[in-house]
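Input: a single structure, listed below in structure tokens.
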Amino acid sequence: MNASDSQGTEVVGAPTVAKLLLDLMEDEGVSHVFGNPGTTEMPFVMEVARRSSIEYVLALHEGVAVSLADGYAAATGRPGVLNLHAMPGLGNAIGQLSNAMVTRTPLVVTAGQQDSRHLLSDPWIGGDLVALARPVCKSAHEARCASEVLPLMRRAFREAMTHPRGPVFVSIPMDFLAATHVGEIPARSHVLSGSVAGGAPELAVRLAAIAPGKLAIVACDDVAHADAQSELLALAHALQCQVFGAPMHSRNLVPARHALWGGTLPIAAEGIAKTLAAFDWIFVIGAQPFPALIRSEISPVPPATRLLQLCEVADGLARYHPVELGISGGIKATLAALREGAGEPRAPGAEQEGRKTAEIERLESAARDRYDAHPLHPMAAAHAVLRSLPPETIVVDEAITTGAYVRGFHHPEQPGRYFFNRGGGLGWGMAAACGLSLGNGRAPVLCITGDGSALYGPQALWTAARERLPVLFCVMNNRQYLILKRQRELDARIPVHPLDIDQPAIDFVAMAASYGVAATRVERVAEIQKCIEEVWDRAQPHLIEIRISSR
């Protein structure tokens, strides 16, 4: 075979950049690539088709492809690999990439650019892909010649996994993929991190000096990203302090039944301040502890409360609120060191255990009391679904207004069993559930989603059917964008409100069938329980449309 390399010289029998790129991916441990390809990606896609070691998971929309890769990365702890199509494909993916950026999901994102020799004429579907990707990625680059593709891709895998993790974008002109390459594949680097923060001894002294009951911990998703849930709980035991989750945290941090778990902080600054007012000191673990959906004149930090903070990187320290002491370093290693400095963990007292047990039973009783309501109350619907499944079920939650009940009733002991979309861009849940199933060896996954959320990414159902993924999709259908209605006082005199989704109504059962997924519509608790009992062990996707009330 005769071909030209990136410098224009003839190379006989040399492999193409696309082939070597797949070799590089195999070396990085890649087994799945998620995407919706077009003409500019065909040299890459054809090379994937020749491999049995890497599967190309096809999505019908680029946003779905991103969320598939997002869920896969969350399940495996490795970068999800994403293949997008030029300017339109990247544009379609932006919303879900913004979610991945917020949740710090490691993704390696590629897009095929138009032929580099064609770019001068401003071709169709070409454009400044780097400028488009930069706001929603840690970094964005475009290869300037064929010889840059492999080094850029090796760098992307390393950078995506470097704290703070996130999506890394590489634009590759299609002629570079088809070009031959005469150099070596860049070697994989072995990079170690996780060292104890230098200020850990001083922080340990500060923590030990705080009076009992006057300290609380606020944990961000950074704890889960560092796989430090057990170290967090051991430190909380040693200090005998409550642990709260940052508002809308997207991973489970402390078992919900644990006596020291204070729950998730509210999303409004006023609610956060009220919850934390009882404490003199707050130890924040992570970069953004108090994100608020709506602006408020009130600070989420009570006036008399002082902050201590631990972050993986110094850029996150005191970024939003002043701290008495902030230290940067590996969260997992530093929490372990702080626990050593605080002494041996102590079990919570009987009084704390009793309070937690009573709190959980009050919620359980409140849900059961609503079982006979019609239309079904969302609290009862969430409770019925979760109590019909094993307690360690992997749950993807994009139910928004019903999500508070999901978090209240999902009580896994193990980390990595709860996933929520903190980024806020709708349409993540269904596809993320499919990615989580794939990343967990095709394990069964429950996806609880609102009707509005489901309409942003229903194409994921097709991928679930194509891949035969055992995902149970529960659509909580209240026929409206209720979260928006609750945030604003709306005029009840308007006969058809623009936030209602009922004229015409959406038939989710028919929609699922059109994508190849069996589906059932239910309105009673007994119907929920019977349906889940019948479908959960079938190892096939299934959708349940659950009609619920707005209150």
Side-chain angles (χ1 to χ4, degrees), residues 22 25-26 29-37 41 44-85 89 92-93 96 100 105 107-110 393-396 398 416 419 421 427-449 453-454 456-475 508-509 511-520 535-544:
L22 266 294
M25 287 184 174
E26 287 181 342
V30 174
S31 58
H32 294 81
V33 175
F34 304 90
N36 184 289
E41 294 74 43
F44 174 77
V45 174
M46 294 305 296
E47 187 59 44
V48 175
R50 297 186 181 100
R51 311 258 173 155
S52 59
S53 57
I54 297 179
E55 178 186 356
Y56 196 104
V57 181
L58 182 63
L60 298 185
H61 186 277
E62 290 83 359
V64 170
V66 176
S67 297
L68 282 163
D70 188 313
Y72 183 85
T76 62
R78 301 191 303 273
V81 179
L82 186 63
N83 182 229
L84 303 175
H85 176 45
N92 285 340
Q96 297 306 322
T105 303
L107 299 178
V108 173
V109 186
T110 65
T393 296
I394 299 171
V395 172
V396 172
E398 199 180 22
F419 299 88
N421 178 22
W428 164 88
M430 286 182 156
C434 295
L436 277 156
S437 179
L438 273 173
N440 281 286
R442 297 178 178 271
V445 173
L446 169 66
C447 173
I448 300 186
T449 179
S453 301
Y456 273 78
Q459 301 93 337
L461 294 168
W462 182 85
T463 301
R466 178 185 174 95
E467 297 287 335
R468 300 173 66 87
L469 296 174
V471 178
L472 177 61
F473 303 96
C474 287
V475 179
F508 286 95
V509 171
M511 177 187 292
S514 74
Y515 285 116
V517 173
T520 309
V535 306
W536 181 248
D537 293 324
R538 288 183 182 174
Q540 294 285 335
H542 194 96
L543 183 143
I544 304 177

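Predicted model, so just to flag it, every value in this text is computed and none were measured.
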- Note on the structure: The residue among Val66, Leu107, Leu68, Asp70 that forms side chain to side chain contact (heavy atoms under 4.5 Å, CB included) with Gln96 is Val66

- Note on the structure: Taken to the nearest 0.5 Å, the spacing of Leu472 CG from Cys447 SG works out to 9.0 Å

- Query: In Å, rounded to the nearest 0.5 Å, how long is the span from CD of Glu41 to OH of Tyr56?
  - Reply: 7.0 Å

- Item | Considering all heavy atoms, the nearest Ile394-Pro444 contact | CB-O, 4.3 Å

- Query: To the nearest 0.5 Å, what is the distance between CD (Glu47) and CD1 (Ile54)?
  - Reply: 9.5 Å

- Any residue meeting side chain to side chain donor-acceptor pair (under 3.5 Å) with Glu55, in chain and number order, not counting sequence neighbours: His32

- Query: So, for Ala73 and Thr105, which heavy atoms are closest and what is the spacing to 0.1 Å?
  - Reply: CB-CG2, 3.7 Å

- Message: Test of understanding: with side chain to side chain donor-acceptor pair (under 3.5 Å), list the residues that count as partners of Glu398, not counting sequence neighbours.
- Response: none

- For the student: nearest non-hydrogen atoms of Leu82 and Ala69, plus distance: CD1-CB, 4.4 Å

- Note on the structure: When rounded to the nearest 0.5 Å, the distance separating CZ of Phe508 from CG of Leu543 is 8.0 Å

- Query: What distance do Phe473 atom CZ and Ile448 atom CD1 have between them, rounded to the nearest 0.5 Å?
  - Reply: 12.5 Å

- Message: Tell me whether Thr76 contacts the main-chain N or O of Asn440 through its side chain, where contact means a donor paired with an acceptor under 3.5 Å.
- Response: no

- Partner set under side chain to side chain donor-acceptor pair (under 3.5 Å) for Arg442, not counting sequence neighbours: Glu467

- Note on the structure: Contacts of Thr520 meeting side chain to side chain donor-acceptor pair (under 3.5 Å) (sequence neighbours excluded), chain-then-number -> His542

- Message: Using only atom types and a distance under 3.5 Å, with no angle test, would you say the side chain of Ser67 pairs donor to acceptor with the backbone of Val64?
- Response: no

Give every donor-acceptor pair under 3.5 Å between a side-chain atom in residues 456-465 and any protein atom, sequence neighbours left out.
from	atom 1	to	atom 2	distance (Å)
Thr463	OG1	Leu58	O	3.1

- Taken in chain and number order and not counting sequence neighbours, the residues that satisfy ring-ring contact (aromatic ring centres under 6.0 Å, His included) with Phe34 are Tyr72

- Message: Would the distance check show the side chain of Ser437 and the main-chain N or O of Ala443 forming a donor-acceptor pair, the cut-off being under 3.5 Å?
- Response: yes

- Query: Roughly how far apart are Leu84 CG and Asn36 CG, rounded to 0.5 Å?
  - Reply: 8.5 Å

